[in-house]
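What follows is a set of notes on a single structure, which appears directly below.
No hydrogens, no waters, no symmetry mates; every other heavy atom, side chains included, goes into these values. The structure displayed is predicted, hence computed values, not measured ones. Labels below follow one simple rule: chain letters A, B, ... track the order of the sequence lines, proteins then strands, and each chain is numbered from 1.
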Amino acid sequence: MSRYTAAEIEPKWQQAWESAGTFTATRDDAKPKYYVLEMFPYPSGNLHIGHVRNYTMGDVIARYKLATGHALLHPMGWDAFGMPAENAAMTTGVHPKDYTYGNIAQMKAQFAPLGLSFDWSREFATCDPEYYGQQQALFLDFLRAGLIYRKKAVVNWDPVDMTVLANEQVIDGKGWRSGADVERRELGQWFFKISDYSDELLTALDGLDNWPAKVKLMQSNWIGRSRGLQFAFSLVDEPEGHDRIEVYTTRPDTMMGASFVAISPDHPLARQLEDHDPAVATFNAECRKGGTTEEALEKAEKRGFDTGLRVIHPFDTAWELPVFIANFVLMDYGTGAIFGCPAHDQRDFDFAIRYGLPIIPTFLPTADADPVLAEAYVPPKTETVAYVKGFAGEKMQTGNAAIDAAIAFCEANGVGAGVTRYRLRDWGLSRQRYWGCPIPVIHCPDCGVVPEAKENLPVELPYDVTFDVPGNPLDRHPTWRDCTCPACGGKAQRETDTMDTFVDSSWYFARFTAPRATTPTVMDDAAYWMNVDQYIGGVEHAILHLLYSRFFARAMHVTGHLPEMAIEPFNALFTQGMVTHEIYLTRDASDRPVYHLPQDVQDGKLADGTAVTVIPSAKMSKSKKNVVDPDAIIAQYGADTARWFVLSDSPPERDVEWTAAGAEATSKHLARVHRIASDIAAMDDGTGPGDADLTRAMHKTVHEVTLGIESFGFNAAIAKLYAFTSTLAKSDAGGAGRKLAARTLAQLMSPMTPHLAEEVWAMLGGSGLIATAPWPVANPALLTEDTITLPIQINGKRRSEIAVPVDMPKDAIEKLALADEAVIKALNGAAPKKLIVVPGRIVNVVI
RNA sequence: GCCGGUGUGGCGGAAUGGUAGACGCAGGGGAUUCAAAAUCCCCCGUUGGUAACAACGUGUGGGUUCGAGUCCCUCCACCGGCACCA
């Protein structure tokens, strides 16, 4: 009897698929097409167990769709631009290009033994000039179509290294290398006009039936449509060029409770004041310290500066309000100015206490409540329950209706206008970095900003750069910057900013439909393969990547690069959980964190006995070193074991904490399947007493596993396969029946453990490759039992059970239930208060 | 701070509002063996009880329902995102 040796069978079948071209995407009009895509990886150089889980899931879907008769597209590529390559260049001196392509080669080699059904003939990396050149072509088309523009935007500025920092590089408000206090500084940048699509991107979410509700909700909140009032406060003493302050509020019903106006330190008025008043300049400079993230801004201590300016309340010319500059007002949102209503907003309440401002309630929980508040009273948004001091002295109720009424009242009285606003901001794509797609424009002293001519694309990154000083090496490259203006032919300079790597990943799915084309896409191929039928990736991409891709698909349609049917590029989305692991940490002499790999930690200690701090499970990341290397598991047990284990261990949408235990058990199970199959292969054909039972169990399993795969219930499907394996092992069916059952088992396992499945299939005389054998179909007649056990509850607690024919009518079940011994005893002669019979489910006797 | 999610035995987890704990791991017992490995069989939420059985039990506290892990509200803990990490 042969033994299960993964190391022998796995390369053999990988070779067989390769030479048969099993997974080469081929257009075939006789079949439905299916495009399955997993979010492509950043080539860190090391495949970790999270990748294995992610790509195995996609592989299961891909193999299942192939077996159910689809023309399959299942491509793979590399999201290859980004900061890590530049960081490596700075720390180890390796060139980002060599680093990246080296990592790609290494990771591709790690992918090979997993037996994934990728069509490698379509592979590309986003750092291939053939790819980013087409991205530059898209940029030029978008620019021409008015989808890209230039404006100033804030960045994190390291005043010591004189360089722009990513949010990740700002730690507690300080630069990660210099340790200097980071400042917010404005820079001219390129922007995609994604805000033009706010409403479209929001309403189109409704059509995404096969997207997780939580992702649609997150996107919806991110876009953040709000209805509010925009109006202006008149300034009492008008500083030069300013006679009013425009504000936007979603709570116009609280206007009568206003007690101050606050403007952003970046508001034009604040900037003007700072030019004349050193105290304002000092305050504003203080406000500009720290990083640019919304989190940092929101968590910062709320501070204000009284400008001494006063404004007039629009409904009472005698009512003057002070104007503060406040660090919590953001120039990017609304108008960069707000009015504060301390009575009904906790942040404003705290601010009012701090600066001695009045707290004027316009609503109270009840008509007789104390109007002196101890904390802000936030009235319910949707219900109309509170007592309200409304406009012009009358009382009204709160809620959305009141907000609408407030807008109407203000409009009628010539105070502002109701407007719809979106939280979504335009997408800044400029990055002051080397390792990205160069922005193909030229700055000409005579013509200004001039797009590069398409025939000059790709604008390739120069190789001869150095990373010995901070900043973008393109800025100090001796010759690359110099060029001729495409418009006037005079001397000019290239833009040295490169594109945000989110641009790279916003259209790669479209590029896979024609990866070698000399245009970004080919309409005919895009029309055939798009959309992605199933997209799979981490929930951490639920907002930005997916929103940007949805925008890009629309922009590509507008510029003639995608058909209209592809403007929502992902038909179905599955967000898989992350593989997490504990983080092991020590501190160096200057108290900086030093991370350690799990393999270097034993019982909470390093090899030299140093105790490590254990941080609870977190997303695996290279920088935190909490990664698990799948190579060792594959070497010891084989790919099928690794694949089965990552799928069986927990539901795919949930995070899973990796533990080494369990791989051994999986390996034993696969060996058991192999052993059972070889025993069955040796049997003579014929019938046996267990034929009917085995057939029934087989059809049930086909049904359940098929449903499990289609609904991403991989762990539950695997549980059914365990159960069926035991059934088969114990069956006394004849050889013919058992061979069929074993072949079917192999087919059902084939998406998860493709190599073992092929081996078993061949052993049992299956024809051709199991990968392309038609998927088994369950006979519906064999899926139901003749008799079922019905639990009987008394007052909702299970007390007994009865066996009934599956189609027994309700009244017959009632009679049978009332005749049950436990029920008779509980009733004690009395009639039940209520008798609930749910056919096929349960009986509940209420006493 | 804001937005979204998750919480069930020793562990991973299962469960269209209908028998909570499927399946797997770990653990215990047994068979086989000279012995072991491998394999096969049985037990396995907590407490009480010889047992039958009973009570309790799905993060907390409430609610809706004949019936709640599942629906609603409150709170707690953890995870993800917050626009320059990818």
task: Determine the contact category for A:G428: base if any of its heavy atoms lies under 4.0 Å from a base atom, sugar-phosphate if only primed atoms, P, OP1 or OP2 are that close, otherwise nothing.
output: sugar-phosphate
- request: Assess A:R184 against A:W157: is NZ or CZ under 6.0 Å from the centre of the six-membered ring, and within 45 degrees of the ring's axis?
  value: no
Side chain of A:E295 - closest among B:rG1, B:rG18, B:rC85: B:rG1
message: For A:F714, give me all partners under ring-ring contact (aromatic ring centres under 6.0 Å, His included), at least two apart in sequence or on another chain.
response: A:F712
By side-chain contact (heavy atoms from CB on, under 4.5 Å) - contacts of A:S220 (at least two apart): A:L202, A:L205
message: Taking 4.0 Å as the cut-off, does a side-chain nitrogen or oxygen of A:T501 come that near to OP1 or OP2 on B:rA86?
response: yes
task: Mind checking A:L835 for me? I need base, sugar-phosphate or nothing, with any heavy atom below 4.0 Å counting as a touch.
output: nothing
message: Please enumerate all residues that pass ring-ring contact (aromatic ring centres under 6.0 Å, His included) together with A:Y548, with sequence neighbours excluded.
response: A:W427, A:F502
- request: Rounded off to whole Å, could you give me the CG-to-P distance for the A:N156 and B:rC82 pair?
  value: 13 Å
query: Of all the nucleotides listed (B:rU19, B:rU39, B:rA86), which has the minimum atom distance to the side chain of A:K668?
result: B:rU39
- prompt: Does any pair with a residue in residues 832-846 of chain A pass salt bridge (charged side-chain N to carboxylate O under 4.0 Å, His left out), and if so which ones, sequence neighbours excluded?
  reply: none
field: A:M90, CE atom: more than 12 neighbouring heavy atoms under 6.0 Å
entry: yes
field: Residue pairs passing the side-chain hydrogen bond (donor to acceptor under 3.5 Å, both in side chains) test where at least one lies in residues 185-194 of chain A, sequence neighbours excluded
entry: A:W190-A:E495
task: Specify the separation, in whole Å, of atom NE2 of A:H545 and atom P of B:rC82.
output: 14 Å
- prompt: So what does A:S430 touch, heavy atoms closer than 4.0 Å: a base, only the sugar-phosphate, or nothing?
  reply: base
task: Would you please indicate if the ring centroids of A:Y508 and A:F40 are separated by under 6.0 Å?
output: yes
Expected rows: protein N/O vs nucleotides 2-9 of chain B N/O, under 3.5 Å:
unit_1, atom_1, unit_2, atom_2, d
B:rC3, O3', A:N221, ND2, 2.7
B:rC3, O2', A:N221, ND2, 3.0
B:rG7, OP1, A:R654, NH1, 3.3

- request: Give one of base, sugar-phosphate or nothing for A:V845, where a contact means two heavy atoms less than 4.0 Å apart.
  value: nothing
field: Of A:Y131, A:Y42, A:Y132, A:Y99, the residue whose pairing with A:F81 passes ring pair (Phe, Tyr, Trp, His ring centres under 6.0 Å)
entry: A:Y132
task: Identify whether any heavy atom of A:K730 sits under 4.0 Å from a base atom; if not, whether one sits that close to sugar-phosphate; answer base, sugar-phosphate or nothing.
output: sugar-phosphate
query: Does a side-chain N-to-carboxylate-O contact under 4.0 Å join A:K825 and A:E821?
result: no
message: Among residues at least two apart in sequence or on other chains, which ones pass side-chain contact (heavy atoms from CB on, under 4.5 Å) with A:I171?
response: A:W176
message: What does the 5'-to-3' dot-bracket notation of RNA chain B look like when only Watson-Crick and G-U wobble pairs under 3.5 Å count, and pairs to other strands show as |?
response: (((((((..(((.....[....))).(((((.......))))).((((....))))..(.(((..]....))).))))))))....
Short N/O separations, protein against nucleotides 51-55 of chain B, under 3.5 angstrom:
unit_1, atom_1, unit_2, atom_2, d
B:rA55, OP1, A:R799, NH2, 3.4

- request: Check the distance between B:rG17's P and A:Q793's CD and give it to me in whole angstrom.
  value: 16 Å
- line: Whole-Å distance, A:I847 CD1 to B:rC66 C1', equals 12 Å
message: By the 4.0 Å heavy-atom rule, please label A:Q189 as base, sugar-phosphate, or nothing.
response: base
query: With sequence neighbours excluded, what pairs up with A:A665 under the side-chain contact (heavy atoms from CB on, under 4.5 Å) test?
result: none
- request: Name the nucleic acid region contacted by A:S648, choosing base, sugar-phosphate or nothing; use a 4.0 angstrom heavy-atom cut-off, strictly under.
  value: nothing
query: Got a salt bridge between A:R799 and A:D820, using NZ or NE/NH1/NH2 to carboxylate O under 4.0 Å?
result: no
task: Could you state the atom-to-atom distance from CZ of A:R184 to C1' of B:rA83 in whole Å?
output: 14 Å
query: With a 4.0 Å cut-off on heavy atoms, is A:Q169 in touch with a base, just the backbone sugar-phosphate, or nothing at all?
result: nothing
- prompt: Across the strands shown, which category fits A:F328 at heavy-atom distances under 4.0 angstrom: base, sugar-phosphate, nothing?
  reply: nothing
Contacts of A:Y722 that satisfy ring-ring contact (aromatic ring centres under 6.0 Å, His included) - sequence neighbours left out: A:W644, A:H669
- request: From the options B:rA86, B:rU39, B:rC66, select the nucleotide whose nearest atom is closest to the side chain of A:R675.
  value: B:rU39
query: With respect to the side chain of A:S650, which nucleotide from B:rG1, B:rC82, B:rG12 is positioned closest?
result: B:rG12
field: Candidates B:rC25, B:rA83, B:rU39 - which lies nearest the side chain of A:Y548
entry: B:rA83
- prompt: Is A:V838 touching bases, backbone alone, or none of the nucleic acid, heavy atoms closer than 4.0 Å?
  reply: base
message: Side chain of A:P651, heavy atoms from C-beta onward: which of B:rG13, B:rC66, B:rA83 has the nearest atom to it?
response: B:rG13
- request: Enumerate the residues from residues 714-729 of chain A whose closest heavy atom to RNA chain B is under 4.0 Å, giving them by residue number; use none for an empty result.
  value: A:N715, A:A719, A:Y722
query: For A:N795 and A:P84, take the nucleotide of RNA chain B holding the closest heavy atom to each; which residue's nucleotide lies nearer the 5' end?
result: A:N795
message: Taking any heavy-atom pair under 4.0 Å as a contact, classify A:V170: base, sugar-phosphate, or nothing.
response: nothing
Side chain of A:I842 - closest among B:rU19, B:rC66, B:rU39: B:rU19
